[in-house]
Asks: 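One structure, pasted below without further comment.
Keep in mind the model is a prediction, meaning the values are calculated, not measured. A note on names: the letters A, B, ... follow the listed sequences, proteins ahead of strands, and every chain is numbered from 1.
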There are 2 protein chains.
Amino acid sequence: MIETESKPKYEKAYRTILDRLKSGRYQIGMRMPTEGELAGQFGISRVTIRRALDMLVKDGYVESRQGSGYRVLTLSPASDTCLTSFTDAMLRAGHEPTTRLVSLTTLPLGAKDLALLPPDLQREPVMRVTRLRAVDGVPRMVVNTFVPARLMPDAGPADFPEKGTDQSILRILGRRFGLEWSAACEDISPFVADAAVAALIGVSSGSALLRQACTAFAEDGSLVFYEDVYRTGSVSFNLSRQGRSTKA
Amino acid sequence: MIETESKPKYEKAYRTILDRLKSGRYQIGMRMPTEGELAGQFGISRVTIRRALDMLVKDGYVESRQGSGYRVLTLSPASDTCLTSFTDAMLRAGHEPTTRLVSLTTLPLGAKDLALLPPDLQREPVMRVTRLRAVDGVPRMVVNTFVPARLMPDAGPADFPEKGTDQSILRILGRRFGLEWSAACEDISPFVADAAVAALIGVSSGSALLRQACTAFAEDGSLVFYEDVYRTGSVSFNLSRQGRSTKA
DNA sequence: TTATTAAAGTTGTTCCTACAAGTCTGTTCC
DNA sequence: GGAACAGACTTGTAGGAACAACTTTAATAA
């Protein structure tokens with residue numbers, strides 16, 4: 001990423017520490033270098049490194065204890081949203097996720113299917129990626145991902161790996177197509193499996209499933225992708241209360 | 001709250017500004033006082049007031065633009081979790097929420113129903129509050145709230161208002177019983193309505209509903225309450241991407 | 001060998017200062 | 001009247017410093 005030079009120092013520090021964390025350089029539970037040490041390593045002030053560390057705490061990767069130091073909590077916080085990688089979550093839990101690309105279709109302007117999408121996606125051709133996700137061989141969810149076709153030029157089946165960490169749609173959109181997003185809204189509702197979804201997932205028609213509809217936006221507010229997921233099981237979240245309280 | 005003296009200055013500023021915001025002193029869309037003005041009003045430094053404002057931004061209440069100032073986005077960010085008040089959301093949307101207290105029961109140690117609760121709630125008597133929530137007269141959800149009985153001494157039906165803002169369980173637990181919590185985990189799954197829930201909500205048995213199970217914790221990690229919600233419709237979230245990017 | 005205490009180390013809070021970068025307002029000129 | 005520019009104002013980033021509060025470590029005494 002050539003643009004790292006334009007990022008503030010605390011942002012670069014945040015990313016670098018996060019990379020170290022995710023690469024295993026800091027193990028879960030182990031104490032991280034102190035604020036002073038990190039400030040020295042990055043050549044920045046303690047105030048600036050604290051901003052980066054504060055973000056890591058807020059994002060759930062590390063915990064801090066006054067007088068004791070920072071420890072790694074997790075390499076990937078557990079929240080089951082469209083912005084967290086299902087692939088990574090399954091791999092971390094010792095399962096084997098796989099993906100089957102069911103279809104890759106460009107929906108032209110005026111296509112009937114466009115009518116069901118958010119309005120922002122109805123003004124231009126849209127790429128629809130339909131995939132069946134499975135865990136340890138057992139189908140778990142049908143995922144339809146819609147992206148403005150202009151953001152995924154020359155997309156083909158080879159762009160959608162079916163094994164390993166690269167099968168994550170977040171990683172595909174980010175690395176292969178260079179897309180970035182910073183916010184999303186998600187809607188979860190009960191869904192009675194119709195014949196098509198039931199056949200894909202391997203449940204009987206009429207089964208109760210969950211439907212997750214998620215719209216992700218770029219910093220400038222433009223829509224990056226829309227995802228429609230039909231899944232068995234449940235989704236889980238870690239939440240923090242608004243109007244927080246201080247540690248006793 | 002007598003303990004405000006022990007909170008850091010940035011925390012007090014955060015709460016005061018949030019109170020002003022929620023009380024309507026700052027209207028949605030209007031520009032708030034500048035950092036310098038607020039620092040002066042609170043008698044603290046610009047750095048400290050920025051910490052409070054930063055929290056308000058992160059929590060979704062205000063937005064800031066360099067050179068332009070801070071504006072109020074919302075008086076209550078829209079996310080449909082057990083930590084956000086359904087009552088407040090409905091009132092804000094111009095609907096009339098009401099609540100019927102179905103039962104208020106103390107489950108003693110060893111009670112069969114305790115077996116289905118989180119382990120932390122199985123070690124002591126638990127208060128179970130069952131309520132039916134409705135919007136504009138239409139039943140929407142059945143809510144079972146479980147709290148260690150010792151945290152709700154002398155609880156009675158009079159403690160659970162059925163109209164207005166005070167019907168919010170978050171407000172009841174907070175104000176009437178002085179409970180505080182700072183984190184929660186929530187799990188959403190599909191639920192096929194059994195006869196009891198179906199009768200309460202007014203749907204046919206076998207209907208697909210959503211089940212929200214939520215466990216809230218205090219700062220010290222102890223369990224404050226557990227909530228089990230069966231609801232029609234959907235839940236929605238606002239999410240921010242982890243590993244954020246800087247504004248262009 | 002164990003317990004206590006002091007010192008050292010670490011995070012948390014707060015302040016002041018300086019400057020960068022963006023926005024807004026007012027004035028001047030065409 | 002509109003455009004351009006300058007100045008003022010505002011937020012954003014960064015550093016250094018000081019001290020509070022908590023934890024850890026080492027030394028000393030019993």
Asks: Would you check if V135(A) and F86(A) make a side-chain contact, meaning some heavy-atom pair closer than 4.5 Å?
Replies: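 Yes, side chains in contact.
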
Asks: Taking only N and O in the side chain of S68(B), is any of them less than 4.0 Å away from OP1 or OP2 of dT11(D)?
Replies: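 For dT11(D), neither OP1 nor OP2 has a side-chain N or O of S68(B) closer than 4.0 Å.
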
Asks: Within the pair R65(A) and dT23(D), is there a side-chain N or O less than 4.0 Å away from OP1 or OP2?
Replies: yes

Asks: Could you give the CZ-to-C1' distance, from F42(B) to dC15(C), as a whole number of Å?
Replies: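 For the pair F42(B) CZ and dC15(C) C1', the rounded distance is 17 Å.
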
Asks: Need one value for R50(B): base, sugar-phosphate or nothing, where a base atom within 4.0 Å counts as base even if backbone is also close, heavy atoms only.
Replies: base

Asks: Would one find a side-chain N or O of Y70(B) under 4.0 angstrom from OP1 or OP2 of dT23(C)?
Replies: no

Asks: State which residues pass salt bridge (charged side-chain N to carboxylate O under 4.0 Å, His left out) with R171(B); sequence neighbours excluded, sorted by chain then number.
Replies: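 Scan of R171(B) (salt bridge (charged side-chain N to carboxylate O under 4.0 Å, His left out), adjacent residues dropped) gives D88(B).
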
Asks: What's touching nucleotides 3-5 of chain C from the protein side, N or O pairs under 3.5 Å?
Replies:
none

Asks: Taking CD from E63(B) and C1' from dG12(D), how many angstroms apart are they, rounded to a whole number?
Replies: 16 Å

Asks: Holding to side-chain hydrogen bond (donor to acceptor under 3.5 Å, both in side chains), I want the full list of residues that pass it with R51(B), two or more places apart in sequence or in another chain.
Replies: none

Asks: Taking side chain to side chain contact (heavy atoms under 4.5 Å, CB included) as the test, write out the residues that go with D120(B), two or more places apart.
Replies: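 Checked D120(B) against side chain to side chain contact (heavy atoms under 4.5 Å, CB included); matches are R123(B), L223(B).
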
Asks: Does any residue of residues 31-39 of chain B have a heavy atom under 4.0 Å from DNA chain D, and if so, which ones, in number order?
Replies: T34(B), E35(B)

Asks: Treat primed atoms plus P, OP1 and OP2 as sugar-phosphate and everything else as base, then score nucleotides 14-20 of chain D 5' to 3': B for base contact with protein heavy atoms under 4.0 Å, S for sugar-phosphate contact only, - for none.
Replies: SBB-B--

Asks: Once side chain to side chain contact (heavy atoms under 4.5 Å, CB included) is applied, do any residues pair with Q27(A), and if so which ones, sequence neighbours excluded?
Replies: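 Here the qualifying residues are M30(A).
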
Asks: Sequence neighbours excluded, which residues qualify as side chain to side chain contact (heavy atoms under 4.5 Å, CB included) partners of S234(A)?
Replies: D187(B), S189(B)

Asks: Quick one: does V62(A)'s side chain get under 4.5 Å of L21(A)'s, heavy atoms only?
Replies: yes

Asks: Residues two or more places apart in sequence or in another chain: which of them pass ring pair (Phe, Tyr, Trp, His ring centres under 6.0 Å) with F225(B)?
Replies: W181(B)

Asks: Tell me, please, which residues at least two apart from T16(B) pass side chain to side chain contact (heavy atoms under 4.5 Å, CB included).
Replies: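 Here the qualifying residues are R20(B), F42(B).
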
Asks: So, using salt bridge (charged side-chain N to carboxylate O under 4.0 Å, His left out) as the criterion, who are the partners of E227(A) when residues are at least two apart?
Replies: none

Asks: What salt bridge (charged side-chain N to carboxylate O under 4.0 Å, His left out) pairs are there with at least one residue in residues 60-75 of chain B, not counting sequence neighbours?
Replies: none

